[in-house]
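The block underneath contains the structure these notes are about, expressed in structure tokens.
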Protein chains: 2
Amino acid sequence: MNYTVRFKIAPDADIVYSSPSGLTVMEAARQAGLDLDSPCAGNGSCGKCLVSVVTAGKEEQRLACQTKIESDLTVIVPRNLLVSNSKIKTIDPNDEKEQRIFENLQNQLEELGFTGDSGLELVTLKLKEPAIDDPMADSERLLAGLHNAMEISLHALRKLPGVLRQNNFSLTCVLDRSCGVLKVIDLMPTNGEAACKPLLTGLAIDIGTTTVAALLVDLSSGKVLASGTRANPQIPYGADVISRIIASTRPGGLELLRRAIVDECLSPLIQEMARKAGIETCQIYKAAVAANTTMTHLFTGVPPEHLRLEPYVPAFFRANGINAFDLGLHIHPEASVLIAPSVGSYVGGDISAGLFASMLFKKDTLSLFIDLGTNGELVLGSKDFLVACACSAGPAFEGGDISSGMRAAEGAIDSVRIDRKSLEPVLTVIGKGKPWGICGSGLIDLVSEFFTCGIIDSRGKFDFTHNAEKQPGVIRKRLHKDEYGMGRYILAFAEETENQKELFISEADIDNFIRAKGAIFSAIRTMLAILNSSMNDIENVFIAGGIGSGINMQNAISIGMLPNIPLERYHYIGNSALAGAYAMLKSQKAAQKIDEIAANMTYLELSSHPSYMDEFVAACFLPHTNSNLFSIAPNANTRACT
Amino acid sequence: MNYTVRFKIAPDADIVYSSPSGLTVMEAARQAGLDLDSPCAGNGSCGKCLVSVVTAGKEEQRLACQTKIESDLTVIVPRNLLVSNSKIKTIDPNDEKEQRIFENLQNQLEELGFTGDSGLELVTLKLKEPAIDDPMADSERLLAGLHNAMEISLHALRKLPGVLRQNNFSLTCVLDRSCGVLKVIDLMPTNGEAACKPLLTGLAIDIGTTTVAALLVDLSSGKVLASGTRANPQIPYGADVISRIIASTRPGGLELLRRAIVDECLSPLIQEMARKAGIETCQIYKAAVAANTTMTHLFTGVPPEHLRLEPYVPAFFRANGINAFDLGLHIHPEASVLIAPSVGSYVGGDISAGLFASMLFKKDTLSLFIDLGTNGELVLGSKDFLVACACSAGPAFEGGDISSGMRAAEGAIDSVRIDRKSLEPVLTVIGKGKPWGICGSGLIDLVSEFFTCGIIDSRGKFDFTHNAEKQPGVIRKRLHKDEYGMGRYILAFAEETENQKELFISEADIDNFIRAKGAIFSAIRTMLAILNSSMNDIENVFIAGGIGSGINMQNAISIGMLPNIPLERYHYIGNSALAGAYAMLKSQKAAQKIDEIAANMTYLELSSHPSYMDEFVAACFLPHTNSNLFSIAPNANTRACT
């Protein structure tokens with residue numbers, strides 16, 4: 001028995017799906033091509049997948065993962081629940097601003113001498129045509145003409161006789177030296193009627209637990225031809241890597257997760273980028289992937305289950321010599337796929353690639369690299385040593401575990417100021433529309449502003465009395481206690497939001513956030529202690545990650561998330577994993593350097609350091625139990641609202 | 001509309017097939033799994049596919065390729081028309097006779113120092129188990145334990161975490177060094193519950209135009225575990241390489257022919273051999289293929305069309321680094337597949353491999369290698385030089401173009417003696433049953449005996465007068481002229497044959513045969529002339545090919561097919577291409593030697609030598625127009641019957 005389910009992604013689209021009876025709304029949505037956010041992997045505990053279900057004229061709020069389909073119904077899906085809407089940008093090669101970030105990186109690669117060694121080469125040549133007295137075979141004729149080329153791939157060999165005779169033995173070859181020998185992996189007639197003009201392109205990919213980002217790069221010029229992002233379609237299997245690993249151990253689970261990332265995410269993302277850039281996907285001859293250790297396993301189809309079982313061992317740090325065909329990636333079948341090497345179970349290739357992009361490994365003085373993703377990873381070091389650790393900051397920086405939290409996407413509040421006089425919030429929203437929720441950078445601002453204005457105390461609890469004295473009207477309007485006595489502050493009223501739902505932050509949310517910032521700060525303190533260094537020894541801090549359009553470093557310091565050192569030492573470097581993948585793509589020497597970085601990085605297991613728990617507890621205050629650490633503000637910073 | 005077609009492969013099997021209307025009987029038979037012999041590729045010109053068709057109680061002889069199915073019918077298929085019945089033999093490792101031929105070859109490999117270097121290795125090891133303070137990844141742990149291994153394949157990596165934990169980190173690895181670096185391509189738990197016990201096996205394959213032969217070899221001991229042959233299922237696309245090349249140029253034709261050899265022939269052959277030998281096909285880690293240039297192209301899916309167009313250039317002589325998966329061969333997916341290198345368009349890898357097996361390349365003195373297949377290939381040389389040529393002997397040695405001709409299979413007359421007194425034929429038949437036809441070795445005997453007894457003259461025409469004087473009864477019974485005045489000799493009367501059809505040889509058949517033997521002899525003469533040598537300089541003649549259980553060399557000399565030199569210089573070496581493939585499989589040095597042999601062989605295009613046509617015309621007599629060449633019989637040899 002099938003029922004008609006109408007998914008309304010109001011106001012712009014309806015999807016009608018004929019669903020077998022007994023599926024949940026979440027399952028039916030997936031089958032209809034809609035991935036709904038599901039941090040708890042569909043077990044009904046997180047409450048994030050709330051949708052409006054209309055049956056027989058009656059509208060009810062229901063959890064999509066817990067609602068079975070037993071009649072025809074209409075489901076109104078809040079747009080922020082949808083995780084699969086990919087964003088593809090064509091980069092105008094002449095738009096300087098767009099290219100600048102990669103030009104910077106290219107300049108840095110050039111400074112290092114890491115240039116012109118992508119391992120791929122386009123060679124155009126004209127061969128002597130065969131004759132009765134010169135009956136050398138096509139393949140041997142080509143290899144002799146190429147001097148150094150030793151091998152021709154089966155794929156190219158199958159095309160060879162036709163290509164040679166299309167334009168009098170003039171042809172262009174794609175040579176790949178990534179596997180040791182120089183190998184012909186593709187060929188096309190020169191000035192022939194080939195569908196594609198000779199062009200060497202490659203893909204840089206960052207597979208995040210939550211978001212996948214990719215660049216399509218012209219390997220000859222280094223120019224970015226298109227960029228795109230897409231939600232990781234594994235999200236319905238759980239928000240964090242542990243739930244994904246558990247999902248992979250179910251029968252067929254690993255293959256399901258592998259296909260989710262390869263077939264449901266990368267393939268369409270690649271196709272869209274290629275279309276936008278006006279190339280064929282078979283012209284993509286190389287790919288470089290940076291991802292955390294779990295994502296690397298799921299992407300390659302290697303069982304990750306031992307990552308979460310003592311003694312927490314990955315199946316591999318490094319994986320070489322893999323080609324696109326074996327991974328099911330729809331680019332040139334013989335394209336080599338580089339995977340940034342992992343350092344440990346919870347410090348992955350995204351960190352080794354990202355650390356390269358930060359150029360920390362060249363610094364003479366102590367520097368800190370922080371990647372704020374679904375988890376927090378930190379590297380402390382210089383050109384002489386590197387120490388890495390992961391801390392379970394939890395998903396708060398990506399909007400997880402926060403009532404009105406969301407990823408840094410359209411509709412997210414990404415910065416907040418509390419007016420010192422009126423105590424009213426002043427918000428900015430990504431996309432400039434009405435807000436849906438609040439993302440990581442907005443939360444940092446919000447907590448910092450609350451604390452600075454005295455709206456919350458150093459344990460993150462609302463100070464009803466003091467504030468009501470100052471602004472009784474606003475406080476009455478915005479600050480409430482819920483039925484359990486927990487305080488909440490309304491950031492936007494239902495009529496002001498996109499989904500007509502009150503947008504608020506509760507004391508529980510602030511508590512989750514404080515634990516997240518505490519995890520980061522205590523990790524820094526623990527590492528410094530082990531290295532016998534102090535905060536002030538840190539000359540550079542590189543903050544990476546997609547938690548917003550940027551972070552207000554001052555605010556992050558004032559809440560005790562980042563060390564109280566001069567602001568000019570802070571550098572927000574965006575998606576460094578993607579930038580590192582770009583470097584691997586462009587230069588074999590860069591890839592080798594990233595290998596060295598990973599091999600030389602010492603992995604520190606924080607939980608095995610007795611001082612870490614004490615540091616963590618001490619850091620779960622605003623700004624810290626030891627207020628001396630933040631007593632001298634590096635810049636003008638007033639504690640109280642005057 | 002479907003009709004019921006009952007194929008009777010009398011008396012032992014009926015196959016009932018529901019055929020769409022409009023198919024030919026040949027096409028319906030193919031779809032029902034029966035491959036019918038079709039030398040003319042189904043265009044109705046050769047008349048070989050004659051079957052009995054019974055419709056509505058009426059029985060008629062019809063050509064299967066020309067008869068459309070337009071009603072229910074019964075088709076009686078003569079058994080010799082079936083080409084797909086494969087023959088698989090399990091070799092008893094203790095049966096000395098069966099192993100002897102490969103023991104001889106192994107001994108020769110050992111003499112050359114070509115031993116223990118198959119490139120594959122089984123290594124058993126026990127790794128230290130990981131711990132909290134030793135969290136090295138599985139892959140890095142394994143590679144460190146293997147010292148020299150540099151890489152692990154994706155296939156093996158995916159199995160690694162499970163295999164390691166099945167028996168406390170004890171495991172057995174299959175290492176492959178064929179691609180330069182030492183690579184782990186498979187692994188299994190030691191003493192675990194794996195389906196297959198560790199065993200390294202390989203396949204030697206000879207893809208002939210007509211017959212495919214293969215050996216399953218234990219790579220550690222060199223023992224042959226099973227051997228098998230199967231008709232080449234491309235036969236319905238034409239008997240010779242030229243028809244196959246033409247068939248490959250039709251839309252989808254190349255893929256059709258590639259699948260015929262890989263999916264319809266090799267896959268079932270490999271499966272049957274593996275079953276007989278009690279191993280799994282995934283335990284086959286290497287393959288070596290020897291084949292003529294056209295077959296090599298069709299097997300790899302590389303367009304062969306320019307082989308038959310001036311200036312007759314192959315797409316490749318050598319193809320390296322191909323693995324089983326890319327070829328669609330159902331053995332271990334990462335098994336490397338070696339292909340014996342070709343020398344020219346009509347001197348293929350079967351010749352370079354076969355020449356190695358003959359050990360001619362080690363001889364101090366002039367030696368001759370002849371491969372009698374669907375075509376004839378010759379190599380003249382010594383350890384100092386090698387000259388190769390191909391002559392269009394045509395398919396006569398394999399029974400083609402001969403009225404009652406057939407391949408050397410069950411039912412074939414493989415030797416003939418004419419009783420000197422009665423002039424009655426004395427036949428031996430392969431399988432010892434009633435005869436179906438006559439194969440190459442039988443034809444050599446028959447023509448030799450006819451000529452020796454004076455039944456035919458030196459132009460191959462029957463001498464009615466002279467023979468009728470001697471044995472009027474026999475001659476009246478057996479020697480006839482057909483309606484066009486062409487003589488024919490009945491070898492077996494309808495009631496004596498398996499298919500109840502008269503088995504005869506006509507003057508046209510003898511003419512075809514004389515052209516075939518003339519092509520061989522004139523090729524030898526031309527090569528000798530170019531090298532300024534004489535017949536008597538040839539110290540060894542190696543005859544290879546599957547033309548029968550062996551050749552009566554004396555008879556072959558007496559008809560002027562082979563040089564008139566002492567019989568002890570002749571060596572029948574059987575399927576030398578298969579033996580060469582076996583050597584490639586066993587030893588990387590042997591494979592390298594075969595590469596050198598091919599690279600150093602000079603290809604001689606006979607048709608461009610003006611003397612060849614004259615030589616050919618002169619050789620199209622019995623024994624030769626210059627009877628001095630055969631005047632002094634090397635052994636006792638009486639011209640006339642006394």
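Note that the structure is a prediction, hence the values are computed from the model and not measured.
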Side chain, backbone, both or neither: which part of A/L160 has a non-hydrogen atom closer than 4.5 Å to chain B?
side chain

Of all of A/S139, A/S153, A/P161, A/A315, which one pairs up most often with chain B through heavy atoms under 4.5 Å apart?
A/A315

Using a 4.5 angstrom heavy-atom cutoff, name the option from A/L154, A/L157, A/T293 with the most pairs to chain B.
A/L157

Using a cut-off of 6.0 Å, state whether more than 12 heavy atoms not belonging to [X] lie near its atom [atom1].
X: A/R158; atom1: CZ; value: yes
X: B/E596; atom1: CD; value: yes
X: A/E255; atom1: CD; value: yes
X: A/F325; atom1: CZ; value: no

With side chains defined as the heavy atoms from C-beta onward, is the minimum distance between A/L309 and B/R165 less than 4.5 Å?
no

Which pair of heavy atoms, one from B/P314 and one from A/P135, lies closest together, and at what distance?
CD-O, 4.2 Å

If you compare all heavy atoms of A/R318 against all heavy atoms of B/E140, which two are closest, and at what distance to 0.1 Å?
N-OE2, 2.8 Å

Answer with side chain, backbone, both or neither: which region of [X] has an atom nearer than 4.5 Å to a non-hydrogen atom of chain A?
X: B/A131; value: backbone
X: B/R141; value: neither
X: B/I322; value: side chain

Measure the spacing between [atom1] of [X] and [atom2] of [Y] and express it to the nearest 0.5 Å.
X: B/D138; Y: A/F317; atom1: CG; atom2: CZ; result: 9.0 Å
X: A/N320; Y: B/I152; atom1: CG; atom2: CD1; result: 11.0 Å
X: B/F316; Y: A/L143; atom1: CZ; atom2: CG; result: 12.5 Å

Measure from the side-chain N and O atoms of B/E310 to the backbone N and O of A/I132, and report whether any donor-acceptor pair falls under 3.5 Å.
no

With a strict 4.5 Å heavy-atom criterion, list every residue of residues 606-613 of chain A that contacts chain B, or say none.
none

